[in-house]
Amino acid sequence: MNLTSIGCTLLAALTLTTAACGKKDGAGDKAVVADKTASGDKPTGELAPTIKINEADWVVKNLHDTSPMINLSMKVPKDAKLEKNGNGGVDVQISDLYTLTVSNVAVSKIDDAKKSDQTIPLNGVSYQNGKILTDEPNGFVYTEQMKDEANGTKYQPEAHFAVYVEKDGEVFSILDARGNGATSTPGSTFSPALATQVYGLIKSSAKHN
């Protein structure tokens, strides 16, 4: 084999390795990282980053100041960036990896909003092992996991939450999600401990104005 053939072989191998790094799920529109494993039980690659929440740094802010559709106040990190999104809701950027989205949902009962938000992790065609960890009248904490792919690519489970506030038939939802910088972040970054901690902060502070 000459030098040119060797170079081509190495380039092809690198191309195949790069192509297996990640994938975006079309059904749930959520970017996730793929963990290639040799044994099927231990993910390879770098350790997942940790999102740390310092509750002492969270203060109550009126989200109506950011969007007139969100007549709600709740605790957020004092240095968080609040933006009105395209649906008239408010995005709270806790970090590049982690975001809260507050919406005025088109239902009049919390139960209807909960059923809708539980559809993808529990019944979505692209998901497996979805589980409700905490279920309360005004919210829930859950895990979701993308299904394994036929080529052996596996996805780590990740935890998230939903909190709801209702008054006079007006329902608001507060959901956590991956931030814009988390498209290739392992699912283990979004741990049950993180989801449970932030869920507690939000459910105890979110109030209709």
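Keep in mind that the numbers below use all heavy atoms, side chains included, and drop hydrogens, waters and symmetry copies. Here the structure is a predicted model, which means the values were calculated and not measured.
Put simply, the side chain of Phe172 does not reach to within 4.5 Å of the side chain of Val90, judged on heavy atoms. Side-chain contact check for Met69 versus Asn87: every heavy-atom pair is 4.5 Å or farther apart. Between Thr119 and Tyr127 the shortest side-chain heavy-atom distance does not fall below 4.5 Å. Looking at Asp176 and Ile94, their side chains never come closer than 4.5 Å, going by heavy atoms from C-beta outward. Two residues are said to be in side-chain contact when any heavy atoms from C-beta on lie closer than 4.5 Å; Trp58 and Ile202 meet this criterion. Counting only heavy atoms from C-beta outward, the side chains of Asn138 and Val165 never approach each other to under 4.5 Å. Looking at heavy atoms from C-beta onward, Leu63 lies in side-chain contact with Met74 at the 4.5 angstrom threshold.
Within the structure, ring pair (Phe, Tyr, Trp, His ring centres under 6.0 Å) pairs that include any residue of residues 177-196 comprise His160-Phe190 (at least two apart or interchain). Within the structure, salt bridge (charged side-chain N to carboxylate O under 4.0 Å, His left out) pairs that include any residue of residues 105-130 comprise Lys114-Asp135 (at least two apart or interchain). Pairs passing the side-chain hydrogen bond (donor to acceptor under 3.5 Å, both in side chains) check and including a residue from residues 63-72, sequence neighbours excluded, read Asn71-Asn209. Each ring pair (Phe, Tyr, Trp, His ring centres under 6.0 Å) pair with one or both residues in residues 65-99, not counting sequence neighbours, would appear here, but there are none.
Residues passing the side chain to side chain donor-acceptor pair (under 3.5 Å) test with Lys61: none are found, sequence neighbours excluded. For Thr50, there are no side chain to side chain donor-acceptor pair (under 3.5 Å) partners at least two apart in sequence or on another chain. When the salt bridge (Lys or Arg N to Asp or Glu O under 4.0 Å) test is applied to Glu170, no partner is found at least two apart in sequence or on another chain. Qualifying salt bridge (Lys or Arg N to Asp or Glu O under 4.0 Å) partners for Lys78, counting only residues two or more places apart in sequence or in other chains: Asp57. Applying the salt bridge (Lys or Arg N to Asp or Glu O under 4.0 Å) criterion to Lys81, with sequence neighbours excluded, gives Glu83. Residues forming a side chain to side chain donor-acceptor pair (under 3.5 Å) with Asn129 (at least two apart in sequence, or on another chain): Gln145. Among residues two or more places apart in sequence or in another chain, the side-chain contact (heavy atoms from CB on, under 4.5 Å) test is passed with Ser173 by Ser103, Val105, Tyr164, Leu175. Glu55 pairs by the salt bridge (Lys or Arg N to Asp or Glu O under 4.0 Å) definition with nothing, not counting sequence neighbours.
When the side chains of ILVMFWY residues are joined at heavy-atom separations under 4.5 Å, either directly or via intervening members, Tyr199 and Leu122 end up in two distinct hydrophobic clusters. Note on Val198: it clusters hydrophobically with Leu82, by side-chain heavy-atom contacts below 4.5 Å among ILVMFWY residues. With hydrophobic clusters built from ILVMFWY side chains whose heavy atoms lie under 4.5 angstrom apart, Val163 shares a cluster with Leu72. Using a 4.5 Å cut-off between side-chain heavy atoms of Ile, Leu, Val, Met, Phe, Trp and Tyr, with links allowed through other members, Tyr142 and Ile110 fall into the same hydrophobic cluster.
Of all heavy-atom pairs between Lys84 and Pro68, the closest is NZ-CD, 4.5 Å. Of all heavy-atom pairs between Val141 and Phe161, the closest is CG2-CB, 4.1 Å. Considering every non-hydrogen atom in both Lys147 and Tyr155, the closest pair reads O-CD1, 3.5 Å. Contact between Thr185 and Pro49 at its shortest, heavy atoms only, is CG2-CG, 3.8 Å. The two residues Asp148 and Gln128 make their nearest non-hydrogen contact at OD1-NE2, 3.4 Å. Contact between Ala113 and Val171 at its shortest, heavy atoms only, is CB-CG1, 4.4 Å.
Atoms NZ and CD, from Lys131 and Glu144 in turn, are 14.0 Å apart once rounded to the nearest 0.5 Å. Expressed to the nearest 0.5 Å, how far CD1 of Ile70 lies from NE2 of His208 amounts to 10.0 Å. Put simply, CG on Asn180 and OG on Ser95 are 10.5 Å apart, with the number rounded to the nearest 0.5 Å. With rounding to the nearest 0.5 Å, the separation of NZ in Lys52 from CG in Leu194 is 12.5 Å. The distance from the OG1 atom of Thr99 to the CG atom of Asp91 is 6.5 Å, given to the nearest 0.5 Å. The CG atom of Leu133 sits 5.0 Å away from the OG1 atom of Thr143 when rounded to the nearest 0.5 Å.
Under the 3.5 Å distance criterion, the side-chain polar atoms of Glu166 are matched with a main-chain donor or acceptor of Gly169.
No more than 12 heavy-atom neighbours from other residues, nucleotides or ligands sit within 6.0 angstrom of NZ on Lys75.
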